[in-house]
Amino acid sequence: MSKVLEIKNLKAKIGDKEILKGLNLNLEEGKVHAIMGPNGAGKSTLSKAIVGHYDVEVTDGEIIYKGKNIVDEEPEERALEGIFLSFQNPVEIPGVNNAYFLRTAVNARRKHLGLPELNAAEFLREMRAKVEELGMKKELINRSLNEGFSGGEKKRNEILQMMMLQPDVVILDEIDSGLDIDALRAVSEGINKSKDGKRSFLVITHYSRILDYIKPDYIHVLKDGKIVKTAGPELVAQLEKEGYGSFEEN
Amino acid sequence: MAQEEVNKAIAGEYSLGFEIDIEQDTVPPGLNEDVIKFISAKKDEPEWMLELRLKAYRKWLEMEEPTWGKVEYEPIDYQAISYFSAPKKGPESLDEVDPKILEAYEKLGIPLEEQKQLQGIAVDAVVDSVSVKTTYTEELKKHGIIFCSISEAIRDYPELIKKYMFSVVPMTDNFFAALNSAVFTDGTFVYIPKGVRCPMELSTYFRINALNTGQFERTLIVADEGSYVSYNEGCSAPMRDENQLHAAVVELIAMKDAEIKYSTIQNWYPGDEEGKGGIYNFVTKRGICEGENSKISWTQVETGSSITWKYPSCVLKGDNSVGEFYSVAVTTLAQQADTGTKMIHLGKNTSSTIISKGISAMKGQNTYRGLVKIGANAHGARNFSECDSLLIGSECGAHTFPYLESKDNIGQVEHEATTTKISDEQLFYLRQRGINEEDAVSMIVHGFCKEVFSQLPMEYAVEARALLNLTLEGSVG
Ligand SMILES: Nc1ncnc2c1ncn2[C@@H]1O[C@H](COP(=O)(O)OP(=O)(O)O)[C@@H](O)[C@H]1O
Ligand SMILES: [Mg+2]
């Protein structure tokens with residue numbers, strides 16, 4: 001089984017506080033990995049470390065992506081190479097047209113991959129089809145990026161971007177939080193359709209609910225800055241019953 | 001030949017004697033009545049115009065330079081400025097022009113022909129104090145539209161000039177307006193007859209070419225009843241080590257049911273990071289909505305000049321008249337801008353809109369100063385103002401001074417102001433989608449300016465966007 005992402009002994013700080021304390025995790029090509037853990041365990045910090053967020057300072061360890069340590073790479077380089085993060089709280093950018101932004105991003109990625117850029121018509125055709133699949137309001141295409149979007153609309157917009165950008169590794173940080181059941185279903189369907197046997201997913205959540213829709217291949221428990229348990233999907237039921245308390249560091 | 005050498009060569013000519021000889025193309029630095037007589041003679045002006053100039057000059061001598069602006073600069077020596085200069089012979093070809101300047105033009109997408117003009121290579125171009133080359137004159141004539149240099153207008157349409165010049169900006173309005181009134185060397189005159197919709201965008205490309213030369217243009221636009229005109233001015237100037245003074249006056253008059261749309265893209269040389277060099281842009285622009293239902297709209301994109309002091313204003317005299325001010329002002333390097341507008345509501349049910357976007361980067365200082373005045377008879381007057389500031393980096397500054405004077409309680413005035421920083425979170429979001437930092441900043445800034453850019457005619461909007469990118473290049477990180 002080939003590993004697309006290998007995280008080895010990762011230590012990371014936010015400010016002066018060490019959050020990740022020697023974390024190990026392997027992501028397999030084409031698989032869905034779920035990370036579960038209590039609030040404040042360091043789940044978002046892990047996702048930020050992978051995409052090179054300025055808040056997080058990696059002090060030790062490696063993040064090997066496609067065979068290369070990316071710890072010192074710029075965020076845009078990692079993105080162009082195919083790492084996508086669906087943000088827990090997507091930021092609003094007034095005045096920046098949603099479609100224009102996404103076309104710029106898609107074409108930056110296509111250029112990086114040596115593909116021809118999409119013209120406005122080609123892009124819009126594709127975008128509209130995906131908007132429909134996600135059950136998004138059409139008008140959101142021409143609004144300012146995330147501005148005044150509801151929680152559910154923001155999350156749908158994240159999945160729309162993921163579907164258009166076709167990344168190799170998709171990190172979903174609490175994609176399920178703040179979603180009603182219809183939105184959860186639509187978002188999950190979008191994610192499931194994006195499974196192609198090669199693309200890998202890292203689904204970060206502290207509710208098991210979304211895992212009824214997106215079937216994980218592996219469950220990892222993150223506690224106090226480390227992965228303390230890795231198992232198959234059967235672990236979800238046990239977590240539901242017993243919570244995280246029973247997992248001690250191994 | 002490098003630009004510096006060109007400058008030196010030009011500068012050399014100034015030492016050629018101090019007598020004012022009508023045959024020569026440049027007067028030596030300094031201002032006195034003889035200089036004004038020289039200018040007037042050079043322009044072949046009628047006696048009455050010279051009298052007006054001299055009157056303005058005598059008033060100016062008694063006036064004080066204003067100090068209330070939030071700008072700082074070394075005192076200007078008005079005797080060190082030369083007040084008239086015909087075009088200099090520029091470099092022979094673009095090969096002789098500083099590659100840095102050409103690179104800037106390249107990035108702006110300025111066509112080669114225009115690049116040559118900007119460098120003074122084509123002699124018939126718009127240079128210095130000599131008249132604007134007015135294209136389309138013939139086509140416009142068919143509609144009875146007058147579009148010519150102000151000097152021509154003084155000679156050919158004295159009745160219109162006597163009636164309207166100084167009617168909106170009196171010669172003693174302020175220190176710089178008085179100076180301009182005494183020494184203005186050129187500018188544009190536009191007259192749109194009753195009921196005529198001007199069939200094309202009118203535009204003028206002013207520039208300051210010769211070293212040490214003040215630029216004092218004067219523009220007058222009269223839109224008669226039921227007419228419409230859209231006028232655009234673009235300004236740019238090559239790099240200089242010295243500060244140059246630019247004190248222009250623009251007067252707009254809109255009669256009943258007439259509309260004037262006035263757009264400016266100002267890209268005078270901004271000086272360097274230490275504030276050395278650059279244009280002092282001290283400009284008085286004012287329009288009067290004379291008749292009922294008339295409308296004046298100012299749109300400005302100000303990216304250049306080391307100091308900008310400019311308040312395009314509207315006097316809303318006619319009932320139901322409308323005034324608008326849309327502005328993007330960018331200060332980067334060590335630029336200082338104190339700009340805004342005045343909306344003077346006199347007529348009933350008059351309305352005004354102010355949208356001001358200030359962007360500061362590096363050591364730039366950006367001040368919005370605006371006045372909304374509602375007169376005693378202006379029942380039903382409305383104003384909406386929105387003044388937003390965007391900061392890039394931590395050394396720059398944004399300041400907002402909105403003033404409101406109301407003599408009428410029924411007026412409805414709304415003011416919104418925001419100051420935001422380009423947030424790291426926004427930048428990061430875009431970078432996580434594969435957009436590099438510079439493009440990400442540019443995307444956010446353009447988003448910020450969108451409401452103003454959408455007011456510009458299409459091709460100017462394109463130029464404004466390119467200019468904004470160029471201006472902010474290297475100001476991040
Ligand atoms: N910007 C920040 N500044 C200071 N502390 C932070 C910041 N972000 C997160 N933390 C702290 O880091 C720890 C882990 O946070 P996070 O990774 O967001 O947890 P999770 O996503 O698992 O709920 C928490 O104790 C949180 O308070
Ligand atoms: Mg979190």
Side-chain angles (χ1 to χ4, degrees), chain A residues 47-48 50-56 73-98 100-113 142-147 154 157-158 160-162 164-171 173, chain B residues 301 326-328 330 355-359 386-394 416-456 461-462 464-466 468-469 472 476-477:
Chain A
S47 69
K48 285 178 175 173
I50 298 170
V51 296
H53 192 279
Y54 53 89
D55 269 353
V56 178
E73 278 189 12
E74 296 295 328
E76 53 266 44
E77 289 174 54
R78 304 183 202 203
L80 291 171
E81 279 294 318
I83 300 180
F84 179 92
L85 170 64
S86 164
F87 288 83
Q88 185 170 346
N89 300 304
V91 68
E92 303 191 358
I93 310 189
V96 174
N97 177 277
N98 200 13
Y100 172 75
F101 145 74
L102 188 48
R103 184 153 84 93
T104 308
V106 165
N107 280 337
R109 170 123 165 100
R110 289 181 68 91
K111 197 169 159 199
H112 185 77
L113 295 175
N142 280 316
R143 290 250 301 266
S144 289
L145 180 50
N146 292 326
E147 195 184 30
K154 282 182 184 164
N157 203 35
E158 295 289 287
L160 171 69
Q161 293 171 36
M162 184 268 284
M164 293 297 294
L165 286 164
Q166 310 217 345
D168 301 315
V169 167
V170 178
I171 306 166
D173 192 359
Chain B
V301 176
Y326 298 96
S327 169
V328 166
V330 185
I355 307 281
S356 160
K357 306 277 179 176
I359 300 167
E386 181 186 322
C387 307
D388 299 323
S389 308
L390 185 69
L391 304 175
I392 304 172
S394 54
E416 290 174 8
T418 63
T419 298
T420 44
K421 270 188 117 113
I422 288 195
S423 83
D424 293 336
E425 206 55 51
Q426 289 174 331
L427 267 184
F428 185 78
Y429 187 92
L430 298 179
R431 294 176 74 192
Q432 208 301 303
R433 299 305 187 240
I435 298 167
N436 70 45
E437 189 167 13
E438 205 161 278
D439 290 349
V441 168
S442 142
M443 200 178 265
I444 295 168
V445 170
H446 287 281
F448 177 76
C449 301
K450 197 160 141 183
E451 284 162 281
V452 175
F453 284 177
S454 68
Q455 296 295 327
L456 289 169
V462 172
R465 281 192 198 102
L468 193 58
N469 284 347
L472 292 174
V476 184

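Lettering follows sequence order; numbering is per chain, from 1.
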query = Can you name the ring-ring contact (aromatic ring centres under 6.0 Å, His included) partners of B:Y429, sequence neighbours left out?
reply = A:F87
message = Could you check whether any side-chain N or O of B:R465 sits under 3.5 Å from a backbone N or O of B:H446, counting only pairs where one atom can act as donor and the other as acceptor?
response = no
Side chain / backbone / both / neither for A:L145 at chain B, heavy atoms under 4.5 Å = side chain
request  = Heavy atoms only, distances under 4.5 angstrom: which of A:D55, A:T104, A:N97 has the most pairs with chain B? Name it, please.
outcome  = A:T104
key: A:S144 (side chain) donor-acceptor with A:G95 (main chain) under 3.5 angstrom   = yes
note = Those residues at least two apart in sequence (or on a different chain) that pass ring-ring contact (aromatic ring centres under 6.0 Å, His included) with A:H53 are B:F428
By side chain to side chain donor-acceptor pair (under 3.5 Å) - contacts of A:S47 (at least two apart) = none
ask   = Checking A:N146 side chain against A:V91 main chain: does a donor-acceptor pair fall under 3.5 Å?
value = yes
ask   = Pick from B:D424, B:N436, B:I444: which one has the most heavy-atom pairs with chain A under 4.5 Å?
value = B:D424
key: For chain A, the option from B:E451, B:K450, B:Q432 that forms the most heavy-atom pairs under 4.5 Å   = B:Q432
query = Between atom CG of A:L160 and atom CG of A:L102, what is the distance when rounded to the nearest 0.5 Å?
reply = 5.5 Å
query = Using non-hydrogen atoms only, which part of A:P167 is less than 4.5 Å away from chain B: side chain, backbone, both, or neither?
reply = neither
inquiry  = Checking B:F453 against B:V301 for the side chain to side chain contact (heavy atoms under 4.5 Å, CB included) test, could you report, in this order, the C-alpha distance in whole Å, the side-chain angles of both residues, the deciding distance, and whether it holds?
reply    = CA-CA 8 Å; B:F453 284 177; B:V301 176; 3.7 Å; yes
message = Taking side chain as everything from C-beta outward and backbone as N, CA, C, O, which of these in A:I93 sits under 4.5 Å from a heavy atom of chain B? Side chain, backbone, both or neither.
response = both
message = Please determine whether a side-chain nitrogen of the Lys or Arg among B:R433 and A:E76 lies less than 4.0 Å from a carboxylate oxygen of the Asp or Glu.
response = no
key: Close contacts, residues 106-113 of chain A versus chain B, judged by heavy atoms under 4.5 Å   = A:A108
key: Segment of A:E92 engaging chain B (4.5 angstrom heavy-atom cut-off)   = backbone
